[in-house]
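Some notes on the structure that comes next.
Just so you know, these numbers come straight off a predicted model, no measurement behind them. So that the names make sense, note that chain A is the first sequence line, chain B the second, and so on, each numbered from 1.
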Number of protein chains: 2
Amino acid sequence: MPDGSKETRTPSAQDKKSLLLAHTFIESLDDEDVDRLAQHARLMTYGSGETIFRKGDPGISMLLVIKGCVRISTITSEAKEIVLNLIQAGEVVGEIALLDGKERSADATAIQFTEVLVLERRDFLPILERNPRAAIRMLEVLCDRLRRTSEQVEDLILTNAVRFARVLVRLAEQFGNEVDVGTQIDLRLSQSELGKITGTTRETLNRQLAEWREQGIIALESGRIVIRNMRALKRIGDGDR
Amino acid sequence: MPDGSKETRTPSAQDKKSLLLAHTFIESLDDEDVDRLAQHARLMTYGSGETIFRKGDPGISMLLVIKGCVRISTITSEAKEIVLNLIQAGEVVGEIALLDGKERSADATAIQFTEVLVLERRDFLPILERNPRAAIRMLEVLCDRLRRTSEQVEDLILTNAVRFARVLVRLAEQFGNEVDVGTQIDLRLSQSELGKITGTTRETLNRQLAEWREQGIIALESGRIVIRNMRALKRIGDGDR
DNA sequence: TTTAAACTATGATTTAGATCACATGTCAAT
DNA sequence: ATTGACATGTGATCTAAATCATAGTTTAAA
């Protein structure tokens, strides 16, 4: 696991502005604000496995993910790691601590080569205070997160098969890519990684995947899961065995 | 379980205004907006056990809890109920669906005699759009929720004893009342109810509580839990056995 | 003031899934 | 090509907690 070796490029404010504008999040801002942000924003890149921030860090910034994917996770007192969220290009990371000024509530790690634009609290908050549309956009983001996380709570009291099915369906919605045989999840996830998403051990997960593979419900295509029978998977996820 | 029999009083706009002003949430609004809300807000009351809304309902309103306590919960496909949140006087309920315009993501039930002020989407959203401070206040509420819910996700992959301890500590923070023997949780919760909060069966919970009672860590005082040794409970919750 | 309904307590049994153990497979680096 | 670091695949065993069963207790209603 490489660590710390974040590199920073030094692109022009113009470059940064166009990156900002490409980000869905930014559409709620007017041109001046975008300019202001572009001036102060830093562009950072992280290799796969690199830590972006850690639980407990002071949270004075928010990241717009330009490229790649960020895993939000935390390690319990019993030394189990659980993934709270996977955040892809076009979404934001670290907004909670930025907004409430408290510590980071979880760890953030790049799981691919990832580029982010870092917005500082002092640059961003004034914009929210001036621009209600931006604040409302932030509210939408948080509502979305909350719905997802509540769903995860529900998932965690379900039996494994049902939970796995629901997680796969959700991953397919988030990272899915339609191919001829079905929906491919465009993420290279090891089984232990997937285990951390579902909150189970690698072994149990492996057995379940094997079964579904035999039944033709899923398949593996160069290290990526392809869902071949989405309907069946959804049925399992609904508990209709 | 009584149902549906909501009664509505018809207080004056003045009455409603003073209720609004008493609510911590409202401090971010200016006087005109408070007046406007007071005119349209409805005061509703619910008996213990009454349903306020159900998962799947259209979410066109938000409730300010004036008095009492509301349980936010959901029933899984496997027919298990889990409590996502307990919301007491001074807090808001149902803000997510109001903000994102989607369906209610969970059921809301009064667990005591409860009074709420109902704010409609069409009255409230324009205020957010005009008043960034109110929007930022909403952001804080959501951040808070998100931190709580993420903690619950963490809790759910812990072993029961650790999880119970953490839940009790959290309930003590939220509903605690310092008495001579310790901190009393000011809620009458049956063990099955507590089970739904911790995501376990009544039986397992019962055994754990019995053990802690013998050890003098907790006690029962007229149906309410008193934490007599908070330090011990916190240590257990941290996994330091 | 008894009768029902809900809640608490605890033992016995079962079970889902974790843990352990080890074989096999893959792939990048030397 | 060989080594080593990881990832996958599967049996065997163990265990935490669910489920089942049943008795006692408190609360509220008739």
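Closest contact between the side chain of A:S190 and the listed nucleotides C:dC7, C:dT19, D:dT8 involves D:dT8. Side chain of B:T204, nearest nucleotide from C:dA9, D:dA18, C:dT10: D:dA18.
The side chain of A:Q191 contributes an N or O atom lying less than 4.0 Å from OP1 or OP2 of D:dG9. Contact annotation: B:N206 side-chain N/O to C:dA9 OP1/OP2 distance is under 4.0 Å. For the OP1/OP2 pair of D:dG9 and a distance below 4.0 Å, the side-chain nitrogens and oxygens of A:R213 include at least one atom meeting the criterion.
In this structure, the separation between CZ on B:R147 and CG on A:L146 is 13.0 Å, given to the nearest 0.5 Å.
You'll find a donor-acceptor pair under 3.5 Å spanning the side chain of B:R207 and the base of D:dT19, going by distance alone.
Only B:T200, B:T201, B:E203, listed by number, bring a heavy atom of residues 192-203 of chain B to less than 4.0 angstrom from any atom of DNA chain D.
In terms of modelled atom types and a separation under 3.5 Å, the side chain of B:R104 and the main chain of B:G94 share a donor-acceptor contact. A:T76 places a side-chain N or O within donor-acceptor distance of the main-chain N or O of A:E78, the cut-off being under 3.5 Å. The backbone N or O of A:Q208 lies less than 3.5 Å from no partner atom in the side chain of A:E211, so there is not a single donor-acceptor pair.
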Which donor-acceptor pairs under 3.5 Å do the side chains of residues 180-188 of chain A make with protein atoms, sequence neighbours left out?
| unit_1 | atom_1 | unit_2 | atom_2 | d |
| --- | --- | --- | --- | --- |
| A:T183 | OG1 | A:E178 | OE1 | 3.3 |
| A:T183 | OG1 | A:E178 | OE2 | 3.3 |
| A:D186 | OD2 | A:N177 | ND2 | 3.0 |

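We find that CZ of B:R188 is positioned 12 Å from P of D:dT26, with the value rounded to whole Å. As a whole-Å value, the separation of A:W212 CH2 from D:dG9 P is 15 Å. As rounded to whole Å, 12 Å separates atom P of D:dT10 from atom CD of A:E211. The CG-C1' distance, from B:L220 to C:dC7, rounds to 12 Å in whole Å. Note: CG (A:N160) to C1' (D:dA16) measures 14 Å, nearest angstrom. For the pair A:L209 CG and D:dG9 P, the interatomic distance rounds to 8 Å; values are reported in whole Å. Residue B:L205 contributes atom CG, which lies 10 Å from atom P of D:dA18 at whole-angstrom precision. In this entry the distance linking CD of A:E78 with C1' of C:dA18 reads 13 Å, nearest Å.
For the helix from C:dT1-D:dA30 to C:dT30-D:dA1, the angle separating the two terminal helix axes comes to 40°, with each axis derived from five pairs and the value rounded to 10°.
Among all heavy-atom pairs drawn from A:G49 and A:T109, the shortest one is O-CG2, 3.5 Å. Scanning all heavy atoms of the two residues, the minimum distance from B:Y46 to B:T51 falls at CE2-O, 3.8 Å. Nearest heavy-atom pair, B:G199 versus B:R163, reported as atom, atom and distance to 0.1 Å: O-NH2, 3.4 Å.
Using a 4.0 Å cut-off between a side-chain N of Lys or Arg and a carboxylate O of Asp or Glu, B:E91 and B:K67 do not qualify as a salt bridge.
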